[in-house]
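Each chain gets a letter, A, B and so on, in the order the sequences are listed, and its residues count up from 1.
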2 protein chains.
Amino acid sequence: MRLSSMADYAVVTMTAAARHCGHARISAQQLADETGLPAPTVQKLVSKLSAARLLRSVRGAHGGLTLARPAAAISLADIIEAVEGPIAMAACSERLRTDTGRPDCSLESACSVRPHWPLVDAALRGALAGVSLSQLAAPTPTMIEMQA
Amino acid sequence: MRLSSMADYAVVTMTAAARHCGHARISAQQLADETGLPAPTVQKLVSKLSAARLLRSVRGAHGGLTLARPAAAISLADIIEAVEGPIAMAACSERLRTDTGRPDCSLESACSVRPHWPLVDAALRGALAGVSLSQLAAPTPTMIEMQA
DNA sequence: AGATAACTGGACCGAATCAGTCTGATTTGA
DNA sequence: TCAAATCAGACTGATTCGGTCCAGTTATCT
């Protein structure tokens, strides 16, 4: 139940970017300086975040990064999925949607827990989707309401 | 956002134990046979689950395991925390409650995201606490409602 | 047009965590 | 007293992950 370090850093990076939204474009190097994260790590992160359409990047001299959407329209679930892939608690629930049907869990079709995982995943994703980037960027913690 | 294999197996093991609740005590070996998991792994799991007061173990000849509480009173959050420790998304939110205050994240007090993690953790835990073992043991998936 | 600045994508390596196994100690019932 | 079964800890091998570096591409400024 812990987040990977990369996903953690991604949240910090997006929060830093959100503070500069509306101002100028910000470079990956600048984000690294502000967050204290190593520059190559930030570069790797912004690549994934751009591919997921959370950041918009402008190349060339005086290029940089901006949020692709307003901070209120970006959720914690978006950020985590951009870096870690789809939210799936159990290995078998991830395979349900991705691959060839080749079994790796010895139980497989006989597993009674298996059909329940997608519902759990959805519940978890709902909780994370209820937290917006603008809430995370706020200096004072705000109430987080859960939604179905 | 993925569960560790051990936590995954713990859910499967608890589900198997729930199906025997009310009947006789069941041995760790029996659980291993039914779930298809290696016996030493199941032993390690039941140790943790017993320490967390989710299973009650009876030693000696004709000993075995039973649920410590009715399946409806055991939540997915209980099982996961028994195996993985407290639910904490970010490393720093775990340290908030556990240790000496020694910093390992270079941002520390200046980190603007930090105060928000406990709220996220609570939201996530709430979602997992809403899923009971009796729901997981049911052959047909049931609706999972979220609660604050 | 040339040079510079910035993002893009991949390969690579060291380290830490984790899954799994084994062995010995403890407890209970016959 | 013997046998059965759980309990607790250390150990090991492998997989994954964090982090870095490099070459390539694109756009602006002089």
Ionic contact status for B/Asp78 with B/Arg69, cut-off 4.0 Å: yes
Any A/Tyr9 side-chain nitrogen or oxygen under 4.0 Å from OP1 or OP2 of D/dG19: yes
Modelled atom types, side-chain donor and acceptor of B/His20 and B/Glu34, under 3.5 Å: yes
Residue B/Pro40, side-chain atoms from C-beta onward, closest of C/dA19, C/dT21, D/dA5: C/dT21
Backbone of A/Ser4 reached by a side-chain donor or acceptor of A/Glu84 within 3.5 Å: yes
First encountered from the 5' end of DNA chain D, between A/Ala61 and A/Ser5: A/Ser5
Cluster link B/Met6 to B/Leu65, ILVMFWY, side chain under 4.5 Å: yes
B/Ser47 side-chain N/O to D/dT6 phosphate OP1/OP2 under 4.0 Å: no
B/Lys44 NZ - D/dG9 C1' separation (whole Å): 8 Å
Candidates D/dA5, C/dC7, D/dG18 - which lies nearest the side chain of B/Ser27: D/dA5
Nucleotide nearest B/Thr41 when distance is taken to its side chain, options C/dC7, C/dT21, D/dT6: C/dT21
Side chain of A/His62 - closest among D/dC29, C/dG10, D/dT6: D/dC29
Atom-pair distance (CG on A/Leu37; P on D/dT20), nearest Å: 10 Å
Donor-acceptor pair (no angle test) under 3.5 Å: B/Arg59 side chain, C/dT28 base: no
Protein-nucleotide distance (B/Glu84, atom CD; C/dA19, atom P), rounded to Å: 8 Å
Whole-Å gap separating P (C/dA6) and CD1 (A/Ile26): 12 Å
Test item: B/Ile87 and A/Arg2 side chains (from C-beta on) under 4.5 Å apart, heavy atoms: no
Rounded distance in Å - CZ (B/Arg2) to P (C/dC18): 14 Å
Integer-rounded Å distance: D/dA8 P and B/Leu49 CG: 12 Å
Between D/dC17 (P) and A/Leu3 (CG): distance, integer Å: 13 Å
d(CD, A/Gln43; P, D/dG19) in whole Å: 15 Å
